[in-house]
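Let me begin by presenting the structure, written as structure tokens, before commenting on it.
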Amino acid sequence: MTGAMVHGDQDTRARGTIESPWRIGTRGSQLALTQAGTVRDTLIAAGQHAELVIVKTAGDKSSDPVEKIGVGVFTAALREELAAQTVDIAVHSYKDLPTAPDERFTIAAVPPREDPRDALVARDGLVLGELPAGSVIGTSAPRRAAQLRALGLGIEVVPLRGNLDTRMRKVAEGELDAVVVARAGLVRIGRTDVITESLEPVQMLPAPAQGALAVECRAEDTELATILSALDDPGTRAAVAAERALLAELEAGCTAPVGALAEVVESLDDDGRVVEELSLRGGAAAIDGSDVIRASVVGSLANAAELGRSLARELLELGARDLLSAPSVGAAVDSNPSPMENNP
């Protein structure tokens, strides 16, 4: 099929062939291409035909700090192409998507999650506790900066922008003592060799939905949504739903100093049967590291979103709103920033 696309099932049936493969929209960074490539390869293995379509975003062309342009600029560009029917599928880092639903689209699949923890890449193979006082650590996320400061290690945290190679190079060349990035990104591009420590959630709660992908299509393309649903992992979907519901209830954006992590755990019911439940931890931190509030809850996978909302209300009762409304102390950015890569 060539030329302009048409709406509905007619177009959906015409796609997925050798002549008209499913078009998967993605940014052109190594990480984004790798993430979208896993979806393409899975579709091909299932007998579908698919190809990647690179979408340039305003964020890729800008050197402004992420706090100014917003990570939403990256996902918005993919959604614009999806709405314009120039692509059929968009693959997002789920943590970058707005928490408010967009009725034009459906999250057809949430594939199995990669390790959601943050990772330290430090000089000389050091772990976080071995970095001497005064060491300079770079990170793009206020959440990471706040939690690093809260550890009281006497380190200096500076804003950082750039793709994963750029960030790691700043350590290798001695500009920084260490950087903190999402472990999932390094796993996906095959660079776990540079990780000097994977930071446990007790040290640093990851961002809501970190390590998870969202595979999105147009709401009207029901046949395609059914095809994509084979990629879905119910446990990951439930965990992400709880984490993002917490974020939404806190009325905090994806760059706020909020962490959350939900995990599927097994327990025994009253009859001694093994059942699966969702264990959710959440927290908010003052950006200067002066205070951190954390709480946790366990509940049903079927009520994942309500579990997240209830934990958010508990955090608010504990004073999270005051922490989230405090002024930032680390708003300065790199003097020579590089285009961001899927908010690693």
Side-chain angles (χ1 to χ4, degrees), residues 1-55 74-75 77-97 101-102 104-116 182 184-190 209-241 244 264 276 301 304 342:
M1 177 178 171
T2 59
M5 296 178 63
V6 296
H7 289 274
D9 289 341
Q10 177 184 352
D11 173 66
T12 303
R13 287 193 298 270
R15 289 283 168 187
T17 65
I18 294 176
E19 296 80 10
S20 299
W22 299 117
R23 298 162 301 179
I24 303 173
T26 175
R27 295 175 58 213
S29 69
Q30 180 186 10
L31 178 56
L33 288 169
T34 300
Q35 292 176 164
T38 62
V39 174
R40 175 202 58 201
D41 295 346
T42 303
L43 285 173
I44 291 173
Q48 299 291 320
H49 294 273
E51 64 182 15
L52 301 185
V53 176
I54 295 176
V55 176
F74 304 108
T75 58
L78 291 177
R79 283 180 156 181
E80 287 171 7
E81 298 300 318
L82 197 58
Q85 302 195 42
T86 53
V87 300
D88 307 298
I89 302 165
V91 179
H92 307 282
S93 286
Y94 209 154
K95 69 177 180 177
D96 292 345
L97 278 177
D102 189 323
R104 298 174 298 170
F105 312 114
T106 184
I107 305 298
V110 183
R113 187 182 206 169
E114 188 51 78
D115 190 330
L186 294 173
V187 170
R188 286 177 174 134
I189 66 171
Q210 184 161 296
L213 300 180
V215 183
E216 192 171 51
C217 67
R218 290 179 292 275
E220 66 200 35
D221 289 342
T222 54
E223 188 173 336
L224 174 56
T226 299
I227 293 170
L228 293 173
S229 67
L231 283 64
D232 194 65
D233 180 70
T236 299
R237 183 180 281 270
V240 168
R244 285 170 56 81
V264 177
E276 288 188 335
L301 273 74
N342 252 42

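Put simply, the side chain of V240 does not reach to within 4.5 Å of the side chain of K95, judged on heavy atoms. Proximity of Q48 to L228: side-chain heavy atoms (C-beta onward) are nowhere separated by under 4.5 Å. Within the 4.5 Å cutoff, no side-chain heavy atoms of D88 are placed close to those of C217. The shortest distance between side-chain heavy atoms of V87 and L78 does not fall below 4.5 Å.
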key: Worked check of side-chain contact (heavy atoms from CB on, under 4.5 Å) between V91 and T26   = CA-CA 6 Å; V91 179; T26 175; 5.7 Å; no
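Of all the heavy atoms in R188 and Q35, the pair that sits closest is NH1-OE1, 3.3 Å. Here the closest heavy-atom approach between residue I107 and residue R237 is recorded as O-NH2, 2.9 Å. Shown here for P111 and T236, the closest heavy-atom pair between the two residues is O-CG2, 3.4 Å. Closest heavy-atom contact between L213 and S93: CD2-CA, 4.4 Å. Minimum interatomic distance between E276 and V264 (heavy atoms only, all atoms of both residues): CD-CG1, 3.8 Å. The shortest non-hydrogen separation linking W22 to G16 is NE1-CA, 3.4 Å.
Separating the CD atom in Q210 from the CG atom in D115 is a distance of 9.0 Å, to the nearest 0.5 Å. Separation of atoms CG (L224) and CD1 (I89) is listed at 5.0 Å; rounding is to 0.5 Å. We find the CG-OG1 distance between L82 and T75 to be 11.5 Å, quoted to the nearest 0.5 Å. Atom CD1 of I44 is separated from atom CD of E51 by 9.5 Å, given to the nearest 0.5 angstrom. Summarising the geometry, atom NE2 belonging to H92 is positioned 5.0 Å from atom CG belonging to L97; distances are rounded to the nearest 0.5 Å. The distance from atom CZ of R104 to atom CZ of R79, rounded to the nearest 0.5 Å, is 7.5 Å.
The pair R113-D233 does not count as a salt bridge, with every side-chain nitrogen at least 4.0 angstrom from each carboxylate oxygen.
Residue L43 is tested with I227, T38, V215 for a side-chain contact (heavy atoms from CB on, under 4.5 Å); the sole match is I227.
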